[in-house]
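Here the structure comes first, spelled out in structure tokens, and everything after it is commentary.
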Amino acid sequence: MFASALAWREPQGEPLAMTLLKDVTEAETRDLIARTGAAVQLGWPTRPRATATSDRRVATADSALFLSENIEGLNVGAHFLDRLSAAEKTQVLAAGRTLFVPQGEMVFGQGEHHDGIFIIRRGQVRVYYTAPSGREITLAYWTPGHFVGGPEISGFGVHMWSGVAIEECEIAALSRLTLQKLLVRIPAFALAMIDGLIAKGKCYSSMAQMLGTRSVIERLAQYLLNLAELYGIADGNTVLINRKVTHDQIAAMVGSTRQWVTMMLKRFQTKHIISIEGNVIRIKRLDLLKTILFKE
């Protein structure tokens with residue numbers, strides 16, 4: 001998962017060991033909230049905001065996360081079952097087979113036979129693609145309400161990527177045959193699945209746009225800004241990111257290597273954009289991160 005803190009290790013011949021960004025403790029978090037009034041307003045460049053009457057939804061701290069120009073729309077897919085009545089939603093979830101997947105275990109694997117989808121009831125699933133070289137790229141971190149296992153829903157073919165439980169997960173697994181019956185029996189569910197697939201399509205389009213139009217340093221800056229807006233705790237003029245992450249996870253998200261991420265985070269420290277204080281990563285200059293993105 002993601003993190004707010006950094007335990008540095010210097011390279012010593014062998015590849016860098018995974019470097020964890022550890023959680024700010026609850027006591028530290030409560031103290032910061034008491035001193036600062038909690039939620040941080042980051043003063044982003046002007047852009048349309050979701051309203052109470054808008055169909056657009058702004059992500060929250062328990063939101064899904066993928067490579068995106070901003071956090072708006074990150075969690076729209078979690079609401080794909082909202083068009084169902086309470087009874088219909090209960091019927092859909094009851095038709096699934098309940099799975100409890102321990103942290104670190106696979107929900108499905110790239111290349112495995114496809115036989116349906118998985119709706120996350122609790123926990124978080126990282127979905128990623130593995131290249132023939134063994135290098136991985138993270139597609140997204142999906143949270144409760146989202147389904148994983150697409151884009152195929154008919155149950156034919158194989159999984160195009162893998163899904164692993166980042167924390168213990170409770171999942172409703174809908175097999176191919178179960179899906180087919182539900183889609184015919186509950187028209188609103190068929191429309192809900194279209195909504196879910198649209199949300200997934202937008203997610204991967206956003207990722208493709210970022211990979212194709214943004215440099216890797218711009219992707220890193222955007223990723224840090226997104227984490228700050230999702231998980232940031234204000235502390236004076238700086239922001240603490242209260243979330244766990246590793247250099248490997250950052251690299252897989254932004255499409256780079258662990259060594260490059262380590263080098264750039266150290267460079268950001270040298271330029272006083274961030275600081276590493278024990279177990280805490282602090283963003284000191286949000287404006288300089290945004291300058292990387294919005295330079296002329």
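Position 1 is the first residue of the sequence, and the numbers go up from there.
- Here CG of L139 is found 9.5 Å from CE of M160. Values are rounded to the nearest 0.5 Å.
- Across every non-hydrogen atom of V125 and I166, the tightest pair is C-CG1, 4.3 Å.
- A donor-acceptor contact shorter than 3.5 Å is absent between the side chain of T178 and the backbone of L174.
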Candidate pair L183 and M193, rule side-chain contact (heavy atoms from CB on, under 4.5 Å), full reasoning: CA-CA 9 Å; L183 291 171; M193 285 303 306; 3.8 Å; yes
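- Other residues, nucleotides and ligands place no more than 12 heavy atoms under 6.0 Å from the CZ atom of R121.
- Residues G77 and A199 come closest through the heavy atom pair CA-CB, 3.6 Å.
- Not one N or O on the side chain of E168 forms a donor-acceptor pair closer than 3.5 Å with the backbone of V101.
- In this structure the side chain of I292 reaches within 4.5 angstrom of the side chain of F268, judged on heavy atoms.
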Test side-chain contact (heavy atoms from CB on, under 4.5 Å) applied to K200 and W142, step by step: CA-CA 11 Å; K200 288 290 190 292; W142 297 118; 3.6 Å; yes
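- Inspection of the R126 and T138 side chains reveals an N or O donor paired with an N or O acceptor under 3.5 Å.
- With contacts defined as side-chain heavy-atom distances shorter than 4.5 Å, the pair I171/F100 does not qualify.
- Between I137 and A252, the shortest heavy-atom contact is CG1-O, 3.4 Å.
- One finds the OG atom of S275 at 5.0 Å from the NZ atom of K284 (value rounded to the nearest 0.5 Å).
- Separating the OG atom in S256 from the CG atom in L220 is a distance of 8.5 Å, to the nearest 0.5 Å.
- Remark: the backbone N or O of R214 is paired with a side-chain donor or acceptor of R219 at under 3.5 angstrom.
- The distance between the ring centers of F66 and Y141 does not fall below 6.0 angstrom.
- If you chain together hydrophobic residues whose side chains sit under 4.5 Å apart, M207 and V245 fall into the same group.
- Defined by atom type and a distance below 3.5 Å, a donor-acceptor pair is present between the side-chain atoms of N75 and H146.
- Tracing side-chain contacts under 4.5 Å through hydrophobic residues (I, L, V, M, F, W, Y), one reaches L211 starting from Y129; they form part of the same cluster.
- Remark: side-chain polar atoms of E229 are not paired, donor with acceptor, to backbone N or O of N226 under 3.5 angstrom.
- For the pair L240 and I283, the minimum side-chain heavy-atom distance is 4.5 Å or more.
- Side-chain contact between I273 and Q269: absent, with no pair of heavy atoms (C-beta onward) separated by less than 4.5 Å.
- The two residues L265 and H247 come nearest to each other via the heavy atoms CD1-NE2, 3.7 Å.
- To the nearest 0.5 Å, atom CD of residue E152 and atom NE2 of residue H114 are 5.5 Å apart.
- Within a 6.0 Å sphere centred on CG of N237, other residues, nucleotides and ligands contribute 12 heavy atoms or fewer.
- The shortest side-chain heavy-atom distance between L65 and L230 falls under the 4.5 Å cut-off.
- A single hydrophobic cluster is not seen to contain both V92 and L99; linkage of ILVMFWY side chains at heavy-atom distances under 4.5 Å, directly or through other members, places them apart.
- More than 12 non-hydrogen atoms from other residues, nucleotides or ligands lie less than 6.0 angstrom from CZ of R122.
- A 4.5 Å side-chain heavy-atom check between I186 and Q91 finds at least one atom pair inside the cut-off.
- Shortest non-hydrogen contact noted between V107 and A165 is CG2-N, 4.2 Å.
- Between D195 and R83, the closest side-chain pair of non-hydrogen atoms falls below 4.5 Å.
- Note: E88 CD to R185 CZ = 11.5 Å, rounded to the nearest 0.5 Å.
- For the pair Q222 (side chain) and E69 (backbone), a donor-acceptor distance under 3.5 Å is present.
- Following chains of ILVMFWY side-chain contacts shorter than 4.5 Å, one cannot reach I117 starting from L177, and the two form parts of different hydrophobic clusters.
- The hydrophobic cluster containing I274 also contains M263, counting ILVMFWY residues as joined when their side-chain heavy atoms lie under 4.5 angstrom apart, directly or transitively.
- Side chain of T143 to backbone of Q124: no donor-acceptor contact under 3.5 angstrom is found.
- Scanning all heavy atoms of the two residues, the minimum distance from G104 to V164 falls at O-CG2, 3.6 Å.
- Side chain of S205 to main chain of G201: a donor-acceptor pair is present (N/O by atom type, distance under 3.5 Å, no hydrogens or angles).
- Counting only distance, with no hydrogens or angles, the side chain of S175 and the backbone of D115 share no donor-acceptor pair below 3.5 Å.
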Test log, rule side-chain contact (heavy atoms from CB on, under 4.5 Å), inputs Q180 and V184: CA-CA 6 Å; Q180 289 178 352; V184 171; 5.8 Å; no
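- Between F80 and F147, the distance from one ring center to the other falls under 6.0 angstrom.
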CA sep, side-chain torsions, deciding dist, call: F189, L191, side-chain contact (heavy atoms from CB on, under 4.5 Å): CA-CA 5 Å; F189 179 59; L191 295 174; over 6 Å; no
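- Expressed to the nearest 0.5 Å, how far CZ of F294 lies from CG of D287 amounts to 12.0 Å.
- More than 12 heavy atoms of other residues, nucleotides or ligands lie within 6.0 Å of CE in M264, so this atom counts as buried by the packing criterion.
- Side-chain N or O atoms of E112 include one that pairs as donor or acceptor with a backbone N or O of G109 at under 3.5 Å.
- In this structure a side-chain-to-backbone donor-acceptor pair under 3.5 Å is present from T270 to K266.
- Residues S68 and M210 fail the side-chain proximity criterion, which asks for heavy atoms closer than 4.5 Å.
- Centroid-to-centroid, the aromatic rings of W161 and Y204 come within less than 6.0 Å.
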